[in-house]
Amino acid sequence: MASRSAFGILIVFIFLWTAADASAFLPPKIFNVLNYGARADGNTDNSQAFLRAWIDACRWKGRSRVLIPGGIYLLHSVTFLGPCLGEMTFMIKGTLRAPNNPALFFTDTWIGFRYVDNLSVKGGGYLDGQGASAWPYNDCFKNSQCLPLPISLRFDFIRNSKIQYIRSINSKKAHINLFACDNINISYVRLTAPESSPNTDGIHIGASTNIKISRVNIGTGDDCISMVSGSQNIDISEVNCGPGHGISIGSLGRGFENEYVMGISVRNATFSNTQNGVRIKTWSPSLSSLAANISFHNIIMQNVNNPVIIDQKYCPSCPPSGDESVSKVQIRDVKFSNIWGTSSSQVALSLQCSKLVPCQDVKLVDIDLAYRGQGGPAIASCSNVIGTSYGRQVPRGCL
């Protein structure tokens, strides 16, 4: 009798386990925004229709998909909140268009996602930020009363998620922003804005860990990719950057004193006609902090103004000064390897480190950067750097 009872319990357990496992292979339930009142006419605000579809999808106990079919959808500022009961996909097939009325866009977010686990944003669609309507208002560098401008796609407190096959054009500020995120994969995205557009970073990362970025094309008016305090274990590969300000770590040293930047790898990237190539920058003066275990490998520079740069004298609003850096951000264990191509300025390699905490364990391996302009060949300029060099070194004389 006992054996029959045990056998019955075993059968029930196997059935429940099989059913739960099989649910992962069932097709997702579709929540089409058109069924929630969305109109693809380019004029009707669809934010409430999108939210209604999201809320129902988020409550579904299984895989769900919010579907935005082809067409043009005007979308005011909207944030999609979790946590959700199952895996979520935000499938953009059409074009999402931001408002161009200033009364509607003075906010820090256009499309946001918060507190979601296992999210996919994909679909091959477009995000049209209509940035030209907002760029004239980007005057915080001279106006202490300036108003916020929206990031096109903001992710806060997102985990185990993917952003793929999306194109963002003409963002009002940054295209994609990650804050307090973990285990995010970004691939096959194209982010574009005019070279003159202010503060239109491609991907901006802060206080986030285990981020992988690959196979992306970014041409914009600011950094193609920027990483600030708390960015750790960031793997970046197969990036085409240009125009723009390159791939930057920093600026570091203003606030978030103990949120170090560590474990950064940038490899197999191409920079074309950018202001900078690979850059680490810290404020001077600054709070104490640390940037360490950083690698730039296999990089092609095509007519880049500052191909390789460490700038610990960063202070755009300060008057020009020849004084040495007094940054308190320690930079150490940095490797620049197999970097080649052309510089549009004579100083092709510039490592300007802090007098207070000199850069430590910096390695230059196989650097070949040519300058063909007036004034002679490429030169290197370095100060307060402790490190070594190996292999081909053009320009020479730094380490």
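Remember, it's a predicted structure, so these values are computed and weren't measured experimentally.
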Whether [X] side chain and [Y] backbone form a donor-acceptor pair below 3.5 Å:
X	Y	result
S133	Q130	yes
T274	G246	no
S237	N268	no
K172	G129	yes
N32	V66	no
Y73	P69	yes
T89	S120	no
S161	R159	yes
W54	L81	yes
Q330	P358	yes

Going by distance alone, is a donor N or O of one side chain under 3.5 Å from an acceptor N or O of the other, for [X] and [Y]?
X	Y	result
S152	H175	no
S187	Q164	yes
N46	Y36	no
S286	S327	yes
Q302	S272	yes
D223	S248	yes
S354	Q312	no
H76	S47	no

F50 and F80: aromatic ring centres closer than 6.0 Å? no

task: Measure centre to centre between the rings of F113 and F90, then say whether the value is under 6.0 Å.
output: yes

Notebook entry, point to check: What's the verdict on side chain to side chain contact (heavy atoms under 4.5 Å, CB included) for V304 and N276, showing C-alpha distance, side-chain angles and the deciding distance?
Noted result: CA-CA 6 Å; V304 173; N276 307 293; 5.5 Å; no

Can you measure from [atom1] ([X]) to [atom2] ([Y]) and round to the nearest 0.5 angstrom?
X	Y	atom1	atom2	value
R97	N170	CZ	CG	11.5 Å
S214	I236	OG	CD1	10.5 Å
N338	N298	CG	CG	4.5 Å
M88	L119	CE	CG	7.5 Å
N303	S343	CG	OG	8.0 Å
L149	W110	CG	CH2	14.0 Å

Do [X] and [Y] touch side chain to side chain, with heavy atoms closer than 4.5 Å?
X	Y	value
V261	Q232	no
V334	F336	yes
C181	F157	no
L75	I111	yes
Y126	I72	no
I203	I218	yes
I92	Y165	no
V121	K162	no

Which pair of non-hydrogen atoms, one from [X] and one from [Y], has the smallest distance, and what is that distance?
X	Y	value
Q352	S383	OE1-OG, 2.9 Å
G242	C224	N-SG, 3.9 Å
V329	A291	CG1-N, 4.5 Å
A180	S208	N-OG, 3.3 Å
V347	S350	CG1-CB, 4.0 Å
L399	T388	CD1-O, 3.7 Å

Apply side chain to side chain contact (heavy atoms under 4.5 Å, CB included) to residues I184 and I163 and explain how you reach the verdict. CA-CA 8 Å; I184 307 295; I163 306 158; 4.2 Å; yes

Identify whether the distance between the nearest side-chain nitrogen and carboxylate oxygen of [X] and [Y] falls below 4.0 Å.
X	Y	value
D108	K173	no
R392	D366	no
K313	D311	no

### Check against side chain to side chain contact (heavy atoms under 4.5 Å, CB included), T192 and T220
CA-CA 5 Å; T192 57; T220 185; over 6 Å; no

My understanding is that only one of [options] makes a side-chain contact (heavy atoms from CB on, under 4.5 Å) with [X]; could you say which?
X	options	value
I225	V266, I186, I213	I213
V394	L349, I367, L369, D368	D368
F271	I247, V239, N240	I247

Within the supplied structure, the quantity of interest is the number of heavy atoms (other residues, nucleotides, ligands) at a distance under 6.0 Å from [X] [atom1]; does it exceed 12?
X	atom1	result
R52	CZ	yes
R167	CZ	yes
F179	CZ	no

Both conditions, 6.0 Å and 45 degrees, for the charged tip of K281 above the ring of Y314: are they met here?
yes

- prompt: Is the distance between the SG atoms of C140 and C146 less than 2.5 Å?
  reply: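 Taking the criterion (SG atoms under 2.5 Å apart), C146 and C140 satisfy it, so yes.
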
Test side-chain hydrogen bond (donor to acceptor under 3.5 Å, both in side chains), reference N210, set N183, N160, D182, output is D182

- Task: Apply the test side chain to side chain donor-acceptor pair (under 3.5 Å) to residues D222 and T200: give CA-CA distance (whole Å), side-chain angles for both, the deciding distance (0.1 Å), then the verdict.
- Result: CA-CA 5 Å; D222 210 303; T200 52; over 6 Å; no

- Task: Apply disulfide (SG to SG under 2.5 Å) to the pair C58 and C84, showing each step before the final yes or no.
- Result: CA-CA 5 Å; C58 190; C84 297; 2.0 Å; yes

### Task
I would like to know whether R332 and D361 meet salt bridge (Lys or Arg N to Asp or Glu O under 4.0 Å); could you show each step before the answer?
CA-CA 6 Å; R332 69 171 185 239; D361 194 19; over 6 Å; no

